[in-house]
Amino acid sequence: MKSFKDLEAWKKGRVLRVDISALTKTFPVEEKFKLVDQMIRASRSVTANLAEGYGRFHYKENIQFCRISRGSLTEIQDHITVAYDEGYINEELAKKYDEQVEECIRIINGYINYLVKSKQEKP
C-alpha cells in the first residue's frame with residue numbers, strides 16, 4: 001500500500017462520510033448545530049483517524065487510531081438511532097445506515113487483526 005487511501009477501511013469510511021453528509025442535509029434546521037454537527041464530526045473522524053494512524057508507522061499507534069475510528073462509527077450508530085427516534089428518518093433508512101456502519105466496523109476489525117499479526121511477526 002502506498003497511501004492510507006488504499007485502505008479498504010478508509011474507502012468504506014469515505015463513502016459513509018459522504019452519505020452522512022447528504023443525509024444530514026435533510027434534517028430540520030434546528031438540528032444544524034446539534035445532531036447534524038455531531039454526525040458530521042463523527043463521520044469525518046472515521047477517515048481522519050484511519051489516515052493519521054496509517055501515517056504513524058508504528059503498529060501500536062496505528063491500532064489505537066483504528067480503535068478511535070471504530071468508536072466514531074459506534075457514535076454514528078447512536079446518532080442514527082436518535083435521528084430515527086426524532087422522526088427524521090424512517091426505520092428502513094435507519095437499518096440501511098446501521099448495516100453500512102457495521103460493515104465499516106468489520107473491515108476496521110479485520111485491519112486491526114492484520115496489524116496485530118504483523119506486529120507479532122516483526123522481530
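Owing to the predicted nature of the structure, the values given are computational and were not obtained by experimental measurement. Just so you know, these numbers use all the heavy atoms, side chains as well, and skip hydrogens, waters and symmetry mates.
- Here E86 pairs with nothing under the salt bridge (charged side-chain N to carboxylate O under 4.0 Å, His left out) rule; sequence neighbours left out.
- With S45 contributing its side chain and R41 its backbone, the two residues share no donor-acceptor pair below 3.5 Å.
- Electrostatic pairing of R56 and E52 counts as a salt bridge here, judged by a charged N lying under 4.0 Å from a carboxylate O.
- Residue E102 holds its CD atom at 9.0 Å from CD of E99, rounded to the nearest 0.5 Å.
- Of the inter-residue distances, the one linking K96 atom NZ with N90 atom CG reads 11.0 Å to the nearest 0.5 angstrom.
- The shortest heavy-atom contact between V101 and L16 is CG2-CD2, 4.0 Å.
- Atom SG of C66 is separated from atom CG of L50 by 5.5 Å, given to the nearest 0.5 angstrom.
- Annotation for E91: atom CD does not count as buried by contact number, only 12 or fewer foreign heavy atoms lying within 6.0 Å.
- Of the inter-residue distances, the one linking I20 atom CD1 with K25 atom NZ reads 12.0 Å to the nearest 0.5 angstrom.
- Under the 4.5 Å side-chain heavy-atom criterion for ILVMFWY residues, no single connected hydrophobic cluster contains both I107 and V46.
- Closest approach of I40 to S21, counting heavy atoms only: CD1-CA, 3.7 Å.
- Ring geometry, Y54 versus F57: the interplanar angle falls from 30° to 60°, so the pair is classed tilted.
- Separation of atoms NZ (K12) and OG1 (T47) is listed at 15.0 Å; rounding is to 0.5 Å.
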Checklist entry - When you look at N49 and R70, which way does the side chain to side chain contact (heavy atoms under 4.5 Å, CB included) test go after all the steps? => result CA-CA 9 Å; N49 279 293; R70 188 175 58 195; over 6 Å; no
Item to check | V82/M39 under side chain to side chain contact (heavy atoms under 4.5 Å, CB included): CA gap, chis, key distance, verdict | outcome: CA-CA 11 Å; V82 170; M39 290 180 76; over 6 Å; no
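- Put simply, the side chain of Y97 gets close to the backbone of D19: a donor and an acceptor are under 3.5 Å apart.
- The other residues sharing a hydrophobic cluster with I68 are F65, where clustering joins ILVMFWY side chains under 4.5 Å apart.
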Checklist entry - Under the side chain to side chain contact (heavy atoms under 4.5 Å, CB included) criterion, do Y59 and V116 qualify, and how do the steps go? => result CA-CA 7 Å; Y59 293 108; V116 168; over 6 Å; no
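- I108 and V15 end up in different hydrophobic clusters when Ile, Leu, Val, Met, Phe, Trp and Tyr side chains are linked at under 4.5 Å.
- Side-chain contact between N62 and Y111 is present, with at least one heavy-atom pair separated by less than 4.5 Å.
- Remark: the backbone N or O of A22 is not paired with any side-chain donor or acceptor of T26 at under 3.5 angstrom.
- Considering every non-hydrogen atom in both S72 and A42, the closest pair reads CB-O, 3.5 Å.
- The distance from atom NE2 of H79 to atom CG of D85, rounded to the nearest 0.5 Å, is 13.0 Å.
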Let me check something: any side-chain donor-acceptor pairs from residues 1-10 under 3.5 Å, sequence neighbours excluded? List them with distances.
unit_1, atom_1, unit_2, atom_2, d
S3, OG, K5, N, 3.0
D6, OD2, K2, N, 2.9
D6, OD2, S3, N, 3.1

